[in-house]
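In each ligand, atom 1 is the first atom listed, and ligand 1 is the first ligand listed.
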Amino acid sequence: MSDIPSIHLPAELIPEDGRFGSGPSKVRTESLLELGVTGSSFMGTSHRQPKVKAVVGAIRNGMKDMFSLPDDYEVVLGVGGATAFWASATFGLIENKSQHLDFGVFSGKFAKVVAGAPHLEEPEVIKADIGTFPLPVPNSEVDLYALTHNETTTGVMMPIVRPEAEGIVAVDATSAAGGMAVDPSQFDVYYFSPQKVFGGDGGLWIAFCSPAALERIEKIHNSDRWIPGFLSLQLAVNNSLKDQTTNTPALATLYLVRSQIDSMLELGGLDWALERCARSSDIVYSWAEDSDYAFPFVANPAERSTNVATINFAEEVDANVLSAVLRDNGILDTGGYRALGQNQLRLAMFPNVAPDDLATLTKAIDYIVERM
Ligand SMILES: *Cc1c(COP(=O)(O)O)cnc(C)c1O
């Protein structure tokens with residue numbers, strides 16, 4: 001990269017909290033302090049005992065509450081994040097053939113895992129140009145439709161609508177869940193890692209499962225397909241019903257997620273979060289639209305993510321240099337997703353990120369660009 005100019009932001013242009021990364025994202029300092037105060041009573045104790053099980057139970061109930069999940073949906077937890085869930089779904093959720101909407105790096109990754117599985121048919125992959133999204137196409141051979149609510153790498157969001165077809169609908173909601181509206185009748189599985197919207201830490205996946213999904217999991221579990229125990233969704237369901245996980249989870253992650261849910265519910269739940277993300281994204285996209293050198297990467301305003309903004313820059317402004325100057329000033333992780341190869345910044349607008357801090361950030365960018 002070219003030299004990083006030495007530009008110091010005046011104090012009033014430095015956001016109160018400098019974390020704008022899209023994952024791991026800003027963790028509430030209050031949650032970290034709360035965890036610290038547990039001292040010797042939580043960290044370093046058994047995940048099979050009531051203290052930790054109560055936290056898992058609170059996460060499961062809190063999610064049901066926040067997303068108004070029907071009583072017969074289950075909140076299932078497992079170790080390994082969304083990437084592990086893709087492997088689990090490849091073993092235990094797809095019967096024969098899946099259809100994937102590929103419109104960025106994450107949605108493409110799940111399709112690649114499935115394509116390599118010897119026990120499944122070649123998946124059907126529907127692509128769209130980067131910066132837009134494709135729609136599912138009903139296909140009688142497909143038994144699982146893989147959707148992505150928010151493509152974190154491109155900043156494109158898509159509405160979750162069940163295709164008029166037989167298969168189950170599995171939605172990667174990793175940077176969406178908790179910051180975007182969703183109707184539980186439109187999915188069978190809504191899964192995510194908690195280090196994005198839920199400002200927790202990595203290493204965990206959480207999946208809301210409909211009765212149809214639970215039935216599918218059981219059916220495949222009872223078939224003669226070999227499934228490694230660690231990736232078994234049936235074992236994950238069985239353990240989750242007892243407020244446990246198949247193997248040892250990161251207790252700090254569980255604690256932070258529980259604390260985050262409590263805080264969100266106290267502030268008004270999903271409605272509060274949606275309003276806050278709408279406010280933040282309005283600030284960022286309006287600024288970019290009015291700017292002479294910055295513009296929203298996603299052309300169609302309806303497809304622009306309310307949770308992760310991708311902002312492109314005119315050729316004369318090197319976004320990598322801009323991001324490095326921001327970092328020098330304590331403003332972190334604003335760089336675009338490298339593999340996308342755009343002259344771009346990517347800014348998280350998750351509920352934990354204060355709209356005021358985003359407003360300050362846009363002013364800081366203007367200040368730096370004028371001096372670059
Ligand atoms: C971050 C992300 C993932 C990967 O999550 P891990 O916890 O690293 O496995 C998958 N899908 C989406 C949409 C993401 O944003």
Practice task
Assess the pair H100 and Y145: is the distance between their ring centroids shorter than 6.0 Å?
Solution key: no

Practice task
Write out the protein residues near ligand 1, meaning a non-hydrogen atom under 4.0 Å from one of its atoms, in order of chain and number.
Solution key: G81, A82, T83, W86, F106, N150, T152, D172, T174, S193, Q195, K196

Practice task
Please check if the distance between the ring centroids of F313 and F295 is under 6.0 Å.
Solution key: no

Exercise for the section: Using atom types as modelled and distance alone, determine if a side-chain donor or acceptor of T38 lies under 3.5 Å from a backbone N or O of S41. Expected result: no

Exercise for the section: Just say parallel, tilted or perpendicular for the rings of F208 and F187, cut-offs at 30° and 60°. Expected result: tilted

Fill in the blank from the handout: By side-chain contact (heavy atoms from CB on, under 4.5 Å), L9 pairs with (sequence neighbours left out) L13, I14, N329, I331, A364, Y367, I368

Practice task
Only one of S107, S22, S175 passes side-chain hydrogen bond (donor to acceptor under 3.5 Å, both in side chains) with T152; say which it is.
Solution key: S175

